[in-house]
Amino acid sequence: MALISFTNKGIFCKQGGFYIDPWQPVDLAVTTHGHADHFKAGNKAYLCHELTKPVLLQRLGIDLPVQTLPYNKEITINGVKLSLFPAGHVIGSSQVRLEYKGEICVISGDYKIEYDGISTAFEPVKCHTFVSESTFGLPIYNWQPQKEIFGKIRKWVTDNHLQSKTSVLIAYSLGKAQRLIKNLAGDTPIYVHQSIANLNDGFIKAGVELPPTIRITSDIKKEELQKGIVIVPPALADGKWMKSLMSASTGICSGWMQVRAGRRWKSADAGFALSDHADWSGLLSAIKATEAEKVFITHGFVSTFSKYLNEIGITAWEVNTQYGNEEEEEILKGA
Amino acid sequence: MKRFTELIQQLETSNKTNDKIAALVSYFSTADEKDKPYVIAMFTGKRPRRPVTTALIREWAIELSAIPAWLFAECYHNVGDLSETIALVLPPANHTADRKLNEWITDLALLNGQEDSVKKEFILRAWDSMDTQERFIFNKLISGNFRIGISNKTLVNAIARQSNTDSNKIMHSIMGKWTPDQITYQELIDGAHVNTDNSWPYPFCLAYALDTEPANLGETTAWQAEWKWDGIRGQIVKRNGELFIWSRGEELVTEQFPELHFLRDELPDGTVIDGEILAVKDGNIQAFSILQQRLNRKTINKSQLKEAPVGFFCYDIMEVQGIDIRNETLSERRKKLVELMSLLTTRDIVVLSPAINFENWEQLIEIRKESRANNSEGVMLKKLNSLYHSGRKRGDWWKWKINPYTVDTVMIYAQKGSGRRANHFTDYTFAVRDGEKLITIAKAYSGLTDLEIKEVDSFVRRNGVEKFGPVRTVKPELVFEIAFEGIAESKRHKAGLALRFPRIARWRKDKNATEINTLEDLRQLLASTL
Ligand SMILES: [Zn+2]
Ligand SMILES: [Zn+2]
């Protein structure tokens, strides 16, 4: 019998009696990371990496039974050996490795290959069965090294300063925001929206080293913001507050910015193709490195990507899940 | 080419015309002198011959990127632009080359007539020296198809500002005959190859939409009524033996309408008239869709001239014997226009747009109902004592359009909007029924209230069937009435026809998807308007 199955509640490990990133309430939810499409409230108990816990608590707002694990430490649940490996997606994001009677299965959640400077670097894990996302599973999505992208962002900020414009970067509170803070920290002060500041506080308490940032409050003058870098979640990209800024120039940081149509669709002044998901070659190299006999493809370009994998000799199956709406959930939360 | 690439990026990242103009001004102030005329040529559609076919370029890109053809097609489908798709799938470059735009263009032109193997070697080597952005630009140079949302007007305004020159003068100059390899930027600004004094147009006098009952306009005797034609508003200028035709967009379109060139011989010097360019066959005004075949073309062939001949319906006259008469009243100007028309020996091509005879407003209301029958959009009301204003002035000229056509459709795709509504699904694609299938007929962005948008938005979130980048396929359930101004044949659209100015008239919550219109209904409408 297979170690995992795909049910209408989520990815289920029958032998272990738990689910991985379920979208309907269950007893035990093993949680890869805190993005809203992989983590729902309402489960009786959670198991996640120790740096994902502050995110869950922040989002739940109440204290719930959350058991944590460091990377690479094995525990056993109903005979199933379970351990977490870094997924490189956001701080604390994990691939879940399951082993039972010699069969190994890895559920990777969301992941990226390139080290982003703040999330523990992705680690390939050998397995028989691998579950992979495919958010950017088309060969048009190949990222530039982040060093180059940050170079562009810095130049953009400098240009904005010269034109007395306020630089506003639009980024998810969890993941992209910390990545920007870590890589843009320097002489220019960084101002963050409270949803980001709250998460940062949680991370700092849990021992993550983050460069200093300033929480945006009504006391802060617009002239000050104009001299710094402002980071806000997508929910604010479009509101009254943005209009109140001194000639704001908005820059969206997202993999979708790779394509002109994606940039046009968002009415941003600049788009930076900076993603926390693996690009095309990243997905392929990660999947090959697992040496898995069977690959399940979840959210993204599911059918195209699985078709291609099968053509190059990797047995892949399409799986229908409810992942992939990171962005919208975040918007609803902020609204 | 890096500077040009940067310009394109700037032009694409802003939606604001002022930013675009600023980017162009900065470009023309700093770019390589030799590059500038090439850029102007490209943006105004002066295209060199395409040196390599699209099929070959595509084939080489697939080969080089080592992906199957079906996957390339999938990518193209997502990106929506071949040049960009190729730029994105190619493997990273192995070396760099900083060549100037004009050098690339010159070299590409030299490929014409060469063996395919020579072309391939050149293109592959070029790709291998460029980053993604440069490749995209380079591929566009090959296709010569640079549609980046810069109107001639925007370009002209930027050059005018950069060079501190009047914009009409620049417009005349760049619409004249020149080739980028034989002219300098300064010569283009100076208009060395044209006499810009001769072409000078007047700003058009415009009308407001009538927002009241005509009875509130007072005595009918103070008003002149005309048909509101559905063509291209135009201005004809004849000075010092030269003829110029300007369109409402303040673009020179003289070369596009050879039928009107006889005016060069028949109009006296120092004449400027205002009117409408229309497709006219055997004395009958044709639908706008017929005229459309003649628009935005660089060359006009014999069959187009035969299929869609144009005429000019004169509304007004602004200059007589070199004297500006815009401060005379409409009735005085009209007399002079009638007089001028009687001088023409070529008949039936350039004619007086007739005034409508009516005794009282009730009668005009009845007459207006017949607008469609003569392919007009309604009625114009002009005060007989009105002067020819620059632009709009409330109270003197009114347009009184008839109601649009409508069709019931079902929504099949939704996409998020921009600006204020970036977080909501506000851009929709609508379909009509064609047998068992649904076939796309229009896209529309506006027409719903904020409340309705929220309602549609939540429907889309609950009923999204498929996600394709930013686009959602939705369950075909919501029925909308789409209003539109006209209908035309279109090879580019799957339906074989396209609606003009489609917009959402209302959400038909009372109807379900089985009750929408069919493609056949629209075909019949098309046939009836031809
Ligand atoms: Zn995620
Ligand atoms: Zn995900």
Side-chain angles (χ1 to χ4, degrees), chain A residues 135-142 144-145 148 152 156 159 163 170 234-240 242-243 249-252 255-271 273 280-281 299-305 307-308 311-312 324-325 327-332 334-335, chain B residues 6 8-10 12-16 19 22 61-62 65-68 70-81 83-92 131-133 136 148-149 415-425 427 454 457-458 460-461 464 466-472:
Chain A
T135 310
F136 292 105
L138 276 185
I140 51 173
Y141 296 107
N142 279 308
Q144 286 190 308
E148 282 175 37
K152 283 183 189 165
W156 176 75
D159 289 350
Q163 297 172 52
I170 313 288
L236 255 86
D238 191 34
K240 259 190 211 147
M242 286 285 283
K243 291 203 182 81
S249 184
T250 52
I252 294 183
W256 299 111
M257 297 296 114
Q258 175 88 336
V259 175
R260 282 159 65 244
R263 295 196 289 271
R264 267 200 307 270
W265 160 55
K266 300 281 193 175
S267 58
D269 300 303
W280 169 257
S281 45
H299 58 314
F301 292 100
V302 180
S303 47
T304 308
F305 190 54
K307 180 176 171 187
Y308 179 74
E311 274 192 17
I312 60 168
N325 290 322
E327 176 188 16
E328 273 146 53
E329 296 291 339
E330 186 130 10
I331 286 162
L332 292 177
Chain B
E6 194 187 333
I8 298 295
Q9 262 170 315
Q10 287 169 336
E12 287 198 326
T13 43
S14 181
N15 311 316
K16 299 167 195 123
D19 289 350
I62 291 174
S65 58
I67 56 172
W70 69 264
L71 186 54
F72 181 88
E74 203 68 42
C75 291
Y76 178 36
H77 181 77
N78 264 271
V79 174
D81 181 294
S83 296
E84 191 185 358
T85 310
I86 292 172
L88 287 168
V89 298
L90 291 174
D131 67 20
T132 307
Q133 275 301 324
F136 167 63
I148 49 155
Q415 194 172 336
K416 286 186 185 170
S418 58
R420 188 166 71 90
R421 289 165 171 173
N423 294 335
H424 287 108
F425 288 94
D427 300 0
K454 287 208 179 108
D457 190 73
S458 91
V460 173
R461 284 170 202 274
E466 210 178 5
K467 185 176 176 180
F468 233 30
V471 180
R472 293 298 162 85

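When reading the values below, keep in mind they use all heavy atoms of this one structure, side chains included, and skip hydrogens, waters and symmetry mates. Letters A, B, ... are given to chains in the order of the sequence lines, protein chains preceding strands, and every chain is numbered from 1.
- B:Ser65 places none of its side-chain heavy atoms less than 4.5 Å from the side chain of A:Pro139.
- Counting heavy atoms from C-beta outward, A:Tyr141 and B:Leu88 have side chains that stay 4.5 Å or more apart.
- Summarising the geometry, atom CZ belonging to B:Phe72 is positioned 10.5 Å from atom CD1 belonging to A:Ile140; distances are rounded to the nearest 0.5 Å.
- With respect to chain A, the highest number of heavy-atom pairs below 4.5 Å among B:Glu84, B:Gln10, B:Gln9 belongs to B:Glu84.
- Residues B:Trp70 and A:Lys307 meet the side-chain proximity criterion, which asks for heavy atoms closer than 4.5 Å.
- Note: A:Gln144 CD to B:Thr132 OG1 = 6.5 Å, rounded to the nearest 0.5 Å.
- Taking A:Ile312, A:Leu138, A:Asn142 one by one and counting their heavy-atom pairs under 4.5 Å with chain B, the maximum is reached by A:Leu138.
- Note that CG of B:Asn78 is 7.5 Å distant from OG1 of A:Thr304, once rounded to the nearest 0.5 Å.
- The distance from the CZ atom of A:Phe301 to the CD atom of B:Glu74 is 8.5 Å, given to the nearest 0.5 Å.
- Proximity to chain A is limited to the side chain of B:Asp81, based on heavy atoms less than 4.5 angstrom apart.
- Judged by distance alone, the side chain of B:Glu12 and the main-chain N or O of A:Arg260 form no donor-acceptor pair under 3.5 Å.
- Note that CD of A:Glu148 and CG of B:Asp131 are 9.0 Å apart. Values are rounded to the nearest 0.5 Å.
- Looking at A:Gln258, both its backbone and its side chain come within 4.5 Å of chain B, counting heavy atoms on both sides.
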